[in-house]
Asker: 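Submitted below is the structure of interest, expressed as structure tokens.
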There are 2 protein chains.
Amino acid sequence: MSSGSVPAVAAADAAAGHPSSVAADSRSGWLDTIFTGDCVAALERLPKASVDAIFADPPYNLQLEGALMRPDQSKVDAVDDDWDKFASFEAYDAFTRAWLLACRRVLKPNGTIWVIGSYHNIFRVGTILQDLGYWTLNDIVWRKSNPMPNFRGKRFTNAHETMIWASRSREVRNYTFNYEAMKAFNDDLQMRSDWLLPICTGGERLKNGEGDKLHPTQKPEALLYRVLLSSTNPGDVVLDPFTGTGTTAAVARRLGRHFVGVERDPAYAEAARARVAAVEPAPSEGLVLQRPKRAEPRIPFGALLEAGLLAPGTVLTDARGRHRAIVRADATLESDGVVASIHRMGAIAQGLDACNGWTFWHAHVDGELQAIDVLRTIVRREIAAAS
Amino acid sequence: MSSGSVPAVAAADAAAGHPSSVAADSRSGWLDTIFTGDCVAALERLPKASVDAIFADPPYNLQLEGALMRPDQSKVDAVDDDWDKFASFEAYDAFTRAWLLACRRVLKPNGTIWVIGSYHNIFRVGTILQDLGYWTLNDIVWRKSNPMPNFRGKRFTNAHETMIWASRSREVRNYTFNYEAMKAFNDDLQMRSDWLLPICTGGERLKNGEGDKLHPTQKPEALLYRVLLSSTNPGDVVLDPFTGTGTTAAVARRLGRHFVGVERDPAYAEAARARVAAVEPAPSEGLVLQRPKRAEPRIPFGALLEAGLLAPGTVLTDARGRHRAIVRADATLESDGVVASIHRMGAIAQGLDACNGWTFWHAHVDGELQAIDVLRTIVRREIAAAS
DNA sequence: AAACGCTCTGAATCTCGCG
DNA sequence: ACGCGAGATTCAGAGCGTT
């Protein structure tokens with residue numbers, strides 16, 4: 001992992017076709033780089049299955065007509081850029097299919113993709129994602145704490161945008177989701193599919209020479225922080241095919257992730273490179289997340305007997321003493337003549353199909369009734385200390 | 001308007017083809033009726049352009065596989081009904097296109113449609129709505145205050161569903177949106193596109209003989225209350241092509257709207273009819289909404305000076321006295337050398353993009369600090385009295 | 001009687017590694 | 001690829017019985 005080093009943010013004109021700019025067998029030519037050019041052409045030059053995650057903020061195809069005035073007659077600075085103009089839904093669909101296909105090629109088998117949009121485009125994006133074989137994991141609603149009001153009073157205040165989070169295909173189960181970290185992030189409650197965050201304003205919003213916003217749709221770093229924290233690991237490669245002002249790349253670098261960006265507009269691309277170069281990555285020790293229990297070394301129940309923490313003949317009960325079983329020397333339990341593992345015996349006792357014996361069965365430890373999971377923790381600590 | 005009368009909730013088998021059950025030139029045969037049958041067949045028997053609004057809760061095509069257990073090993077009662085099974089996305093799309101087309105025929109030119117769904121189906125619904133010519137007005141997020149958790153810790157808690165609100169076509173401008181009523185409903189703030197509401201539980205949830213839920217996906221009445229209050233008027237006709245247990249019809253009747261329902265399952269249809277028959281409509285005088293402000297004459301700020309209600313040189317402040325500005329004779333405000341309208345000055349003072357100066361700026365009226373909107377009301381009354 | 005604890009349930013695309 | 005078994009995993013609110 002090279003998160004501490006300065007990224008190579010030099011320009012590389014992928015669309016113009018310089019073969020040397022993208023090495024087919026190495027990441028050295030394109031990692032931590034923001035390319036100037038069309039994203040489909042640029043992605044075709046990246047190796048297959050080379051990125052861990054994708055965050056895409058494509059044109060929304062807003063289809064605005066005429067200017068929108070505020071109640072005080074000031075003009076709303078709308079998204080009227082050429083890159084957001086499409087001749088028809090069909091043209092937008094073809095564009096969407098093309099870049100989502102190109103993304104699918106460079107995405108690792110267990111990688112995931114995020115796409116953000118509004119009601120103007122997100123339904124078409126979602127449909128095409130499904131049609132291409134991506135498998136939706138969640139749709140996440142970004143609730144804006146400070147949305148633009150509806151000036152005409154003809155609709156509800158459009159106060160949110162939608163992100164779709166999808167794996168590469170239905171069969172994938174080992175995609176990255178830092179469940180425990182997000183739960184801790186959210187005051188020990190599961191992170192929900194609705195996130196309340198302010199829009200990008202103030203010092204975070206990049207300005208042009210005249211002090212106006214540089215880019216019409218710059219996303220807040222807090223949004224990308226949650227996205228990358230939840231679905232990537234330090235050292236992962238994050239691709240943003242519509243880099244814009246480089247929010248994804250900046251947050252990726254801050255969080256010790258690698259990035260690859262593609263941006264069509266040279267001015268945006270240059271601003272993004274300068275922005276990313278100024279980012280100070282977090283120290284790697286700050287990026288360590290709560291380790292999920294699944295990742296802990298497996299301890300067989302017998303290890304508790306070997307360690308002398310439990311003796312054969314000990315009586316185990318459930319938390320309320322309604323069920324009891326005796327520990328045998330071979331690390332099985334016996335109850336009413338039945339012999340089984342701690343898990344099976346817990347299931348049998350409750351009449352269920354399955355049971356986690358570690359948390360179901362209790363023993364007296366230091367005079368207190370405690371789950372045998374506590375003893376497993378002791379064994380794990382001893383193993384960690386010895387190695 | 002016949003909201004006070006008992007609706008005709010007798011069954012009518014539209015699918016079986018009784019011509020007498022639907023009169024082509026009168027509403028007497030089908031108004032306030034819940035039909036048993038397939039919705040496309042039933043809608044083809046309704047007159048063209050005959051309903052003011054549609055609320056549709058179609059199958060979501062969940063594509064579940066296997067059983068899901070809670071951590072305590074109890075089984076989640078999943079939606080595994082035949083009506084939610086589709087052979088492919090193509091089959092679901094064909095189904096969706098068919099009923100949305102049938103809906104479009106019976107919808108009045110200025111009518112609107114609501115469709116609710118989850119990430120499993122809503123993208124496809126939204127795409128097809130657009131392809132058929134409907135024009136999206138908003139997507140509304142129903143944030144559930146008490147969603148089912150994610151039991152395996154593999155995704156974000158799926159804590160919301162999405163509703164799409166669309167007009168019949170892009171050109172329509174005179175659709176019903178009770179902007180002021182929704183604003184009043186929301187403590188005088190514009191109603192946003194994210195609504196926090198609990199799921200349907202407790203006494204509101206219809207039960208079968210065994211005390212289990214009668215229908216797997218009954219929607220809360222509060223959701224339909226907001227939908228119908230915002231986008232329909234008393235006396236309007238509301239169609240629900242997937243009536244289920246009749247939540248739409250029940251709330252429509254309570255709010256003095258007419259309804260038409262179609263439900264395929266005879267048991268659900270019968271339960272819905274009984275439910276609706278028990279609904280007591282609200283008294284019609286309770287259904288009068290806040291008069292739209294746009295119908296009020298526009299009063300320029302200068303009119304307050306002309307009327308002598310404010311004098312040049314008067315100091316205005318915000319409600320808490322943190323910002324101040326001086327009224328000039330030309331009806332602009334001045335503060336720290338900056339001159340601007342009441343609205344712009346309010347925005348500048350707060351560092352925001354926009355501000356309603358009428359409610360932001362306050363003056364001492366009869367010794368009390370009050371919003372200058374109070375003075376506008378006085379001017380309006382005088383104008384009304386003079387004419 | 002109010003408080004408390006236990007049980008039940010809701011549109012859900014919900015494990016993983018080893019043999 | 002498939003079967004097997006270890007063992008990891010939940011929030012809000014209603015309802016009901018006990019303290």
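Keep in mind that the numbers below use all heavy atoms, side chains included, and drop hydrogens, waters and symmetry copies. Since this is a predicted model, take the numbers as computed values, not measurements.
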Asker: For B/G66, answer base if it contacts any base atom (sugar-phosphate contacts may also be present), sugar-phosphate if it contacts only those atoms, and nothing otherwise; contact means non-hydrogen atoms under 4.0 Å.
Answerer: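 The answer is base, as B/G66 lies within the cut-off (heavy atoms under 4.0 Å) of a base atom.
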Asker: N/O contacts under 3.5 Å, protein versus nucleotides 16-19 of chain C?
Answerer:
{"from": "C/dC16", "atom 1": "OP1", "to": "B/K154", "atom 2": "NZ", "distance (Å)": "2.7"}
{"from": "C/dC16", "atom 1": "OP2", "to": "A/R173", "atom 2": "O", "distance (Å)": "3.2"}

Asker: Does a donor on one side chain and an acceptor on the other come within less than 3.5 Å for B/T245 and B/H215?
Answerer: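 The answer is no; no qualifying pair exists.
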Asker: Considering only atom P, compute the distance from D/dG15 to C/dA11 and round it to an integer number of Å.
Answerer: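 It works out to 15 Å between them.
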Asker: When you match B/S74 and A/Y134 each to their closest nucleotide on DNA chain C, which lands nearer the 5' end?
Answerer: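 By nearest-heavy-atom nucleotide position, the 5'-most residue is B/S74.
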Asker: Just by modelled atom types, is the B/E210 backbone N or O under 3.5 Å from a matching donor or acceptor in the B/N208 side chain?
Answerer: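 Such a contact is found between B/N208 side chain and B/E210 backbone.
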Asker: Residues from residues 348-356 of chain A sitting under 4.0 Å of DNA chain C, heavy atoms only?
Answerer: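 The answer is none.
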Asker: Does DNA chain C take part in any stems of at least 3 consecutive Watson-Crick or G-U pairs (both distances under 3.5 Å), and if so, which ones?
Answerer: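 Counting only runs of 3 or more consecutive pairs, the stems involving DNA chain C are C:2-10 with D:11-19, C:15-19 with D:2-6.
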Asker: Base, sugar-phosphate, or nothing: which does A/Q190 touch, judged by heavy atoms less than 4.0 Å apart?
Answerer: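 Sugar-phosphate only.
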Asker: Once you round it to whole Å, what is the distance between P of C/dA11 and CG of B/L214?
Answerer: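 B/L214 atom CG is separated from C/dA11 atom P by 13 Å.
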Asker: Return the value, rounded to whole Å, for the distance between atom CE of B/M69 and atom C1' of C/dT15.
Answerer: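 These atoms are roughly 14 Å apart.
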Asker: Without hydrogens or angle criteria, can the side chains of A/T317 and A/H362 be said to hold a donor-acceptor pair below 3.5 Å?
Answerer: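 Checked: A/T317/A/H362 side chains show no N/O donor-acceptor pair below 3.5 Å.
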Asker: For A/E161, which residues count as a salt bridge (Lys or Arg N to Asp or Glu O under 4.0 Å) partner, sequence neighbours excluded?
Answerer: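 For A/E161, the residues satisfying salt bridge (Lys or Arg N to Asp or Glu O under 4.0 Å) (neighbours in sequence not counted) are A/K144.
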Asker: Classify the nucleic acid contact of B/T157 as base, sugar-phosphate or nothing, counting any heavy atom under 4.0 Å across all strands shown.
Answerer: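 Since no nucleic acid heavy atom lies under 4.0 Å of B/T157, the category is nothing.
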Asker: Could you check whether B/W83 gets within reach of a base, just the sugar-phosphate, or nothing at all, counting any heavy atom under 4.0 Å?
Answerer: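 Result for B/W83 = base.
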Asker: Tell me, please, which residues at least two apart from B/T247 pass side chain to side chain donor-acceptor pair (under 3.5 Å).
Answerer: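 So B/T247 forms a side chain to side chain donor-acceptor pair (under 3.5 Å) with B/R275.
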Asker: Send over the distance from B/M163 CE to C/dA11 C1', rounded to a whole Å.
Answerer: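 B/M163 atom CE is separated from C/dA11 atom C1' by 14 Å.
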Asker: Rounded to whole angstrom, note down the C1' distance from C/dA1 over to D/dG17.
Answerer: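 So the two C1' atoms sit 15 Å from each other.
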Asker: Just grab all the salt bridge (charged side-chain N to carboxylate O under 4.0 Å, His left out) pairs involving residues 56-85 of chain B, residues at least two apart or on different chains.
Answerer: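 Qualifying pairs: A/R170-B/E65, A/R173-B/E65, B/D57-B/K219, B/D77-B/K213.
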Asker: Are more than 12 heavy atoms from other residues, nucleotides or ligands located less than 6.0 Å from atom CZ of A/R380?
Answerer: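 Yes, enclosed.
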Asker: Please report the distance, rounded to the nearest Å, between CZ in B/F151 and C1' in C/dC14.
Answerer: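 Atom-to-atom, B/F151 to C/dC14, this comes out as 10 Å.
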Asker: For DNA chain D, note the earliest and the latest nucleotide, 5' to 3', having some atom under 4.0 Å of a heavy atom belonging to chain A.
Answerer: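 Under 4.0 Å from chain A, the extent on DNA chain D is D/dA6 to D/dA12.
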Asker: Starting from C1' on C/dC14, measure out to CG on A/N138 and report it in whole angstrom.
Answerer: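 Checked: the CG to C1' distance equals 10 Å.
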Asker: Using heavy-atom distances to pick each residue's nearest nucleotide on DNA chain D, tell me which of B/P198 and B/P71 is more 5'.
Answerer: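 Counting from the 5' end, the first nearest nucleotide belongs to B/P71.
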Asker: Describe the nucleic acid contact of A/R298 in one word from base, sugar-phosphate, nothing, applying a heavy-atom distance below 4.0 Å.
Answerer: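 The residue A/R298 makes sugar-phosphate contact but no base contact.
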Asker: Counting heavy atoms not belonging to A/D330, are there more than 12 under 6.0 Å from its CG?
Answerer: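 Yes.
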Asker: Base, sugar-phosphate or nothing for A/I299? Non-hydrogen atoms, less than 4.0 Å.
Answerer: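 Result for A/I299 = sugar-phosphate.
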Asker: What about A/Y175 and A/W135, are their ring centers closer than 6.0 Å?
Answerer: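 Judged by ring-centre distance (under 6.0 Å), A/Y175 and A/W135 do not meet the cut-off.
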Asker: Between the protein and nucleotides 4-8 of chain C, list every N/O to N/O distance that falls short of 3.5 Å.
Answerer:
none

Asker: Categorize B/D57 for me: base, sugar-phosphate, or nothing, with a 4.0 angstrom heavy-atom threshold over every strand shown.
Answerer: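 Touches a base.
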Asker: Closest-nucleotide mapping onto DNA chain D: is B/N146 or B/N150 further toward the 5' terminus? I mean the 5' end.
Answerer: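 So the residue in question is B/N150.
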Asker: Specify whether B/F242 and B/W99 have parallel, tilted or perpendicular ring planes, treating 30° as the upper limit for parallel and 60° as the lower limit for perpendicular.
Answerer: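 Geometry flag for B/W99 against B/F242: perpendicular rings.
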Asker: Rounded off to whole Å, could you give me the CZ-to-C1' distance for the A/R192 and C/dA12 pair?
Answerer: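 Value for this atom pair: 15 Å.
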Asker: Atom CG of B/L64 to atom P of C/dC14: distance rounded to whole Å?
Answerer: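 To the nearest whole Å, that distance equals 7 Å.
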Asker: If we ignore angles and hydrogens, is there a donor and acceptor under 3.5 Å between the side chains of B/W165 and B/T112?
Answerer: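 There is such a pair between these side chains.
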Asker: Kindly write out the residues that satisfy side chain to side chain donor-acceptor pair (under 3.5 Å) with A/S167, not counting sequence neighbours, or none if the list is empty.
Answerer: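 A/S167 satisfies side chain to side chain donor-acceptor pair (under 3.5 Å) with no residue once adjacent residues are dropped.
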Asker: I need the residues from residues 217-230 of chain B with at least one non-hydrogen atom less than 4.0 Å from DNA chain D; give them sorted by number, or say none.
Answerer: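 DNA chain D contact set from residues 217-230 of chain B: none.
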Asker: Classify the nucleic acid contact of B/E204 as base, sugar-phosphate or nothing, counting any heavy atom under 4.0 Å across all strands shown.
Answerer: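 Result for B/E204 = nothing.
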Asker: Do B/H120 and B/S118 have side-chain atoms, one donor and one acceptor, less than 3.5 Å apart?
Answerer: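 Yes, because at least one side-chain N or O of B/H120 sits under 3.5 Å from a partner of the opposite role on B/S118.
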Asker: With a cut-off of 6.0 Å (strictly less than), are more than 12 heavy atoms of other residues, nucleotides or ligands near CG of A/D353?
Answerer: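 Atom CG in A/D353 is not crowded, with 12 or fewer foreign heavy atoms closer than 6.0 Å.
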Asker: Considering every strand and a 4.0 Å limit on heavy-atom distances, what is the contact class for B/D77: base, sugar-phosphate, or nothing?
Answerer: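 Contact class for B/D77: sugar-phosphate only.
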Asker: Partners of B/D265 by side chain to side chain donor-acceptor pair (under 3.5 Å), sequence neighbours excluded?
Answerer: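 Not a single residue meets the side chain to side chain donor-acceptor pair (under 3.5 Å) criterion with B/D265.
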Asker: Would you kindly say whether A/W114 and A/S231 are connected by a side-chain donor-acceptor distance under 3.5 Å?
Answerer: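 There is such a pair between these side chains.
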Asker: Can you check whether A/T127 reaches B/F89 side chain to side chain, under 4.5 Å on heavy atoms?
Answerer: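 The answer is no; the side chains never approach within 4.5 Å.
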Asker: Please name the pair of heavy atoms, one in A/L100 and one in A/Y134, separated by the smallest distance, quoted to 0.1 Å.
Answerer: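 Smallest heavy-atom distance, with atoms named: O-OH, 2.8 Å.
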Asker: Apply salt bridge (Lys or Arg N to Asp or Glu O under 4.0 Å) to B/R192 and list each qualifying residue two or more places apart in sequence or on a separate chain.
Answerer: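 Per chain and number, B/R192 pairs via salt bridge (Lys or Arg N to Asp or Glu O under 4.0 Å) with B/D194.
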Asker: Would you call the rings of B/F86 and B/Y92 parallel, tilted or perpendicular if under 30° counts as parallel and over 60° as perpendicular?
Answerer: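 Rings of B/F86 and B/Y92: perpendicular, as their planes differ by over 60°.
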Asker: To the nearest angstrom, how far is B/H120 atom NE2 from C/dC14 atom P?
Answerer: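 Rounded to whole Å, this separation is 8 Å.
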Asker: When the P atoms of D/dT9 and C/dG17 are compared, how many Å lie between them, rounded to an integer?
Answerer: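 Looking at atom P only, C/dG17 and D/dT9 are 14 Å apart.
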Asker: Counting any heavy atom closer than 4.0 Å, what does A/L189 reach on the DNA or RNA strands: base, sugar-phosphate only, or nothing?
Answerer: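 Sugar-phosphate: the residue A/L189, judged by heavy atoms under 4.0 Å, touches backbone atoms but no base.
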Asker: So what does B/P147 hit on the nucleic acid, given a heavy-atom distance under 4.0 Å: a base, only sugar-phosphate, or nothing?
Answerer: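 Base: the residue B/P147, judged by heavy atoms under 4.0 Å, touches a nucleobase.
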Asker: Side chains of A/R328 and A/T332: is there a donor and an acceptor less than 3.5 Å apart?
Answerer: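 Checked: A/R328/A/T332 side chains pair up, N/O donor to acceptor below 3.5 Å.
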